[in-house]
S.K.: 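Quick one: structure below, then a few questions.
Letters A, B, ... mirror the listed sequences (proteins, then strands); counts begin at 1. These values consider heavy atoms only, across backbone and side chains, with no hydrogens, waters or symmetry-generated copies.
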Amino acid sequence: MNTIWALAKIVVLEMVRRKDFYVLFILTVLLTGTAGSVNLFNDNSIVRYLKEICLLLIWAASLVIAITCTARQIPAEREQRTIFPLLAKPVTRAQFLLGKFLGCWVATGMALLVFYVFFGIVSASREQHWPVLNYLQAGLLHWLMLAIVIALTLLGSIVFAAPSSNGTICFVCTAGILLLGRHLNKVALGLTEPLQSLLYGVYFAIPHLELFDVRDLITHNWDLIPWGMMVLATLYAAAYTAFFLTAAWLIFRRRPLN
Amino acid sequence: MNPAPALLAALALATALATGGRLLAWQTERAQDAGSVFDLLLGESRRAFAVHAFLKADAYYHSGFYPSVFDLAQQADNSKTHLQESIKSAGAEHHDHDHDAKPAKARDWLEAFGSHFFPSQHRHLEKFGDEREILPWLRLAAELDPHRIETYTVAAFWLRDRLNKVNDAEQFLREGLRANPQSYEILYELGRLYAENNRDVPRARAVLELAVERWLKQEAPKADPDKLGYGQILAQLADLEERAGNLDRALAHFARLKQVSPAPETVQKRIDELLARQGRPR
Amino acid sequence: METLTIDNLRVEYRSRAVGEPVKTAVKGLNLRVAQGEVFGFLGPNGAGKTSTMNVLLGFVPPTSGTARLFGVDVREPIARQRIGYLPEQTYYYKFLTAEELLRFYAEIFQIPKAERSQRIDAVLKLVELDHARTRQIKTYSKGMQQRAGLAQSLINNPDLLILDEPTSGLDPIGRMKVREIIQRLKSEGKTVFFSSHELGEVETVCDRIAILHQGELKTEGRVSDLLREHGTNLEQIFLKIIGHPPPP
Ligand SMILES: Nc1ncnc2c1ncn2[C@@H]1O[C@H](COP(=O)(O)OP(=O)(O)O)[C@@H](O)[C@H]1O
Ligand SMILES: [Mg+2]
């Protein structure tokens with residue numbers, strides 16, 4: 001565990017020292033600020049559209065951060081050959097993968113924290129209330145979803161050689177699931193066999209990332225999600241994350257490095 | 001190593017969608033004199049975005065609950081949004097649509113589980129003034145497609161009827177009128193505003209009579225004219241004149257209304273009432 | 001007990017492209033290195049030195065045969081607990097300072113917290129990077145980066161040091177430093193296994209050498225014995241063994 005944590009810290013440190021996060025954060029602040037400064041029928045208490053835009057930006061930025069940060073980890077280690085002195089130490093390949101995963105996950109978690117605090121300030125500035133628990137649930141689910149995405153990207157970075165193509169593929173898959181995942185079963189209903197069974201198979205196999213997207217509940221001030229459901233969602237995310245990490249390990253375990 | 005350019009492009013797209021209206025509006029301003037093909041394409045996508053913004057307003061009206069196109073494909077009746085319906089019933093509590101409190105039955109366990117994580121129940125805005133939240137999307141829809149009449153009429157309804165923002169409603173309608181000078185629908189809304197909110201009879205009369213004129217010019221020659229719209233204008237005019245004490249004029253309007261009304265008996269009743277008040281025999 | 005044992009090692013590289021022949025880098029290598037020895041692993045470019053080391057470090061699985069460090073099969077990560085390794089080309093996390101880099105590796109070796117700073121100070125002093133310890137590695141010169149690499153290979157106070165061409169690309173002062181360090185480790189009773197094709201330095205620091213050519217072991221023995229046997233210097237012996245005509 002110490003080894004994994006040591007590896008993770010390096011990833012976090014790298015992210016803190018790179019400009020990506022700051023650029024995206026400033027971009028989010030600027031765009032939200034622009035949207036907030038539009039005069040809408042002289043009414044300053046209109047807030048939901050602003051919450052929606054801010055959350056959309058946060059989601060997009062978090063996906064970009066998570067995917068780019070993860071996609072470059074292993075290729076960079078190999079390209080810059082830092083993996084050799086590292087794996088010459090008593091580090092197993094599993095620890096290496098877990099360390100990278102944990103680092104990317106913690107780093108994006110820290111980024112999320114900053115983003116959600118900003119979101120809280122934006123919404124509180126107009127709504128005068130601060131539903132911390134709801135934000136906590138939303139942030140937590142968001143973070144859990146990113147765990148799946150990061151594990152998937154890590155797997156991709158082992159399967160695909162080029163980090164940019166891996167990043168693009170992962171981004172497209174993630175966005176596709178977020179937009180369409182919920183509807184595949186309904187689309188399947190309208191198809192003929194064997195396409196129908198095929199699409200149903202896909203529907204049940206893919207990780208339903210969109211489950212973790214509770215932006216609408218936050219935007220429209222819905223009630224808390226039952227905590228039992230939160231636990232189930234956590235287990236759901238953990239299962240997919242574990243699956244992707246295991247697959248990554250199985251492929252990476254015996255791969256020659258040279 | 002730089003982040004993949006494709007990802008940056010994707011982010012740019014996402015942000016463009018988010019701030020859609022402003023960015024697009026700004027972009028078209030600059031692209032005004034570029035090729036007309038470009039304008040045409042952009043015009044099409046702007047109209048599509050405008051429709052999207054309008055639907056968004058409807059979703060906001062239901063606190064984020066909105067059936068997707070995939071859900072709608074399963075149902076037959078989805079010609080009109082709730083937002084429009086609720087206005088057609090003119091602010092009366094809109095019980096004209098199905099208020100199934102229970103969400104639709106889940107098709108599988110994933111759907112059942114997922115229903116906890118998004119607005120899966122039909123719910124309307126609750127607190128007074130929450131209706132204001134739909135306005136940004138209507139504003140955006142107008143900016144994207146200034147020729148969408150119902151954007152103006154719907155927004156004006158909420159502004160003056162629910163939010164007490166008569167001046168802003170008037171301004172927005174005027175804006176719509178500038179973009180669509182021939183629209184009798186906007187004139188009608190403007191007339192209602194003057195009549196009901198401002199109690200400015202001469203202006204209301206002028207605007208509503210102009211609306212009648214426009215309707216007769218545009219709709220009357222059509223095979224299937226918008227009789228409902230015409231009836232609304234006439235009813236409004238008749239009410240206005242009645243309140244102002246010009247019973248002759250009111251009667252004239254009612255007479256025309258009777259010809260297009262789907263319920264001529266009701267109109268006849270009003271006519272009878274007025275005649276009685278005038279103290280004239282039948 | 002032998003520190004390093006290689007039995008019948010064979011390393012093949014299978015190309016991903018279909019139809020390309022399998023490339024055999026090491027053919028049936030047997031090697032033993034005893035504790036406290038400085039062992040020179042010689043051979044021209046492409047002889048298979050790096051490939052052998054890749055097996056020792058677990059980067060590449062042996063096609064057949066075995067390799068052991070301290071009696072533990074190299075496929076076990078624990079075999080690498082007591083070794084230090086300096087790769088042929090050294091690159092480190094550019095965004096870290098030398099001190100952070102060493103702290104990271106110290107954590108990986110699970111060196112107790114109390115000892116960590118002490119170890120870091122000691123190795124930085126040894127490679128003379130003390131003055132630059134808080135600078136990011138990307139600002140270092142090539143020689144400094146090589147020394148940072150040497151520092152990381154020593155962080156765990158290893159009993160066996162594996163160095164892949166540690167002096168290639170260094171200026172004469174840099175080479176002298178590396179030689180000094182090797183001799184110092186030898187005086188502390190450590191085992192050093194290093195590859196090279198720079199025969200002058202090999203002659204001065206090595207107890208024993210092996211010469212590898214095209215994946216095969218050509219000769220092996222004490223430097224003094226070899227010199228006596230052939231009656232000439234190491235360079236001539238090397239050229240003779242790999243089949244080059246001696247210069248006129
Ligand atoms: N990844 C690889 N794939 C194919 N052949 C390789 C690979 N790595 C090394 N070789 C070949 O194996 C042989 C030995 O290489 P190497 O061990 O690097 O030699 P040295 O370190 O002695 O210069 C060379 O002929 C080289 O071309
Ligand atoms: Mg080599």
Side-chain angles (χ1 to χ4, degrees), chain A residues 1-22 69 72-100 102-103 107 158-162 249-258, chain C residues 11-14 16 25 50-51 53-63 72 74-97 100-101 103-111 113 136-138 148-153 155-156 158 162 164:
Chain A
M1 196 58 216
N2 285 336
T3 306
I4 296 171
W5 185 236
L7 279 157
K9 275 195 301 197
I10 294 296
V11 179
V12 173
L13 201 61
E14 182 193 10
M15 179 139 121
V16 170
R17 288 187 185 171
R18 282 175 67 106
K19 294 185 212 82
D20 311 22
F21 165 73
Y22 307 101
C69 173
R72 73 165 172 263
Q73 287 305 325
I74 292 176
E77 287 267 357
R78 299 193 64 165
E79 225 164 79
Q80 307 183 4
R81 307 184 71 83
T82 47
I83 195 171
F84 292 102
L86 178 57
L87 288 185
K89 309 206 165 17
V91 177
T92 63
R93 303 254 175 131
Q95 284 172 326
F96 175 74
L97 285 179
L98 279 177
K100 289 294 179 191
L102 189 67
I158 291 167
V159 175
F160 305 106
W249 176 68
L250 285 175
I251 298 173
F252 190 58
R253 188 171 53 136
R254 299 244 170 270
R255 170 160 302 179
L257 299 174
N258 49 59
Chain C
V11 180
E12 288 174 0
Y13 292 108
R14 246 167 273 274
R16 294 224 182 149
T50 300
S51 299
M53 293 188 170
N54 281 348
V55 171
L56 291 177
L57 296 156
F59 300 151
V60 173
T63 309
V72 181
V74 291
R75 277 172 290 201
E76 307 285 334
I78 195 71
R80 302 192 284 276
Q81 182 68 35
R82 287 161 65 196
I83 66 167
Y85 168 63
L86 178 68
E88 198 167 0
Q89 296 144 303
T90 44
Y91 300 93
Y92 297 96
Y93 303 98
K94 292 192 167 63
F95 52 91
L96 295 182
T97 67
E100 286 165 338
L101 182 79
R103 192 168 299 279
F104 166 53
Y105 289 137
E107 281 174 39
I108 294 229
F109 277 114
Q110 319 227 7
I111 297 173
K113 255 212 178 88
Q136 292 198 357
I137 293 173
K138 64 180 167 214
L150 207 54
Q152 65 79 27
S153 71
I155 189 70
N156 58 331
I162 298 176
D164 197 354

S.K.: In terms of heavy-atom pairs under 4.5 Å, which option from A:R81, A:K89, A:R93 contacts chain C the most?
M.R.: A:K89

S.K.: Checking A:R253 now: which residues fulfil salt bridge (Lys or Arg N to Asp or Glu O under 4.0 Å) with it, not counting sequence neighbours?
M.R.: none

S.K.: Between A:F96 and A:F252, is the gap from one ring center to the other below 6.0 Å?
M.R.: yes

S.K.: Calculate, to the nearest 0.5 Å, the distance between atoms OH and CG belonging to C:Y105 and C:N156 respectively.
M.R.: 12.0 Å

S.K.: Any chance you could measure A:I158, atom CD1, to A:I251, atom CD1, to the nearest 0.5 Å?
M.R.: 6.5 Å

S.K.: Select one option (side chain, backbone, both, neither) describing which atoms of A:R255 are under 4.5 Å from chain C's heavy atoms.
M.R.: both

S.K.: Among C:I162, C:L101, C:I83, C:L96, single out the residue with the greatest number of heavy-atom pairs under 4.5 Å to chain A.
M.R.: C:L96

S.K.: Considering only heavy atoms from C-beta outward, does the side chain of C:V11 approach that of C:N54 to under 4.5 Å?
M.R.: no

S.K.: Heavy-atom pairs under 4.5 Å with chain C: which of A:E77, A:Q95, A:R254 has the most?
M.R.: A:E77

S.K.: Report the residues that fulfil salt bridge (Lys or Arg N to Asp or Glu O under 4.0 Å) with A:R17, sequence neighbours left out, ordered by chain and then residue number.
M.R.: C:E100

S.K.: Relative to chain C, which segment of A:I4 carries a heavy atom at a distance below 4.5 Å: side chain, backbone, both, or neither?
M.R.: neither

S.K.: Quick one: what part of C:Q152 sits under 4.5 Å from any heavy atom of chain A, side chain, backbone, both or neither?
M.R.: both

S.K.: Of the backbone (N, CA, C, O) and the side chain (C-beta and beyond), which part of C:Q136 lies under 4.5 Å from a heavy atom of chain A, both, or neither?
M.R.: side chain

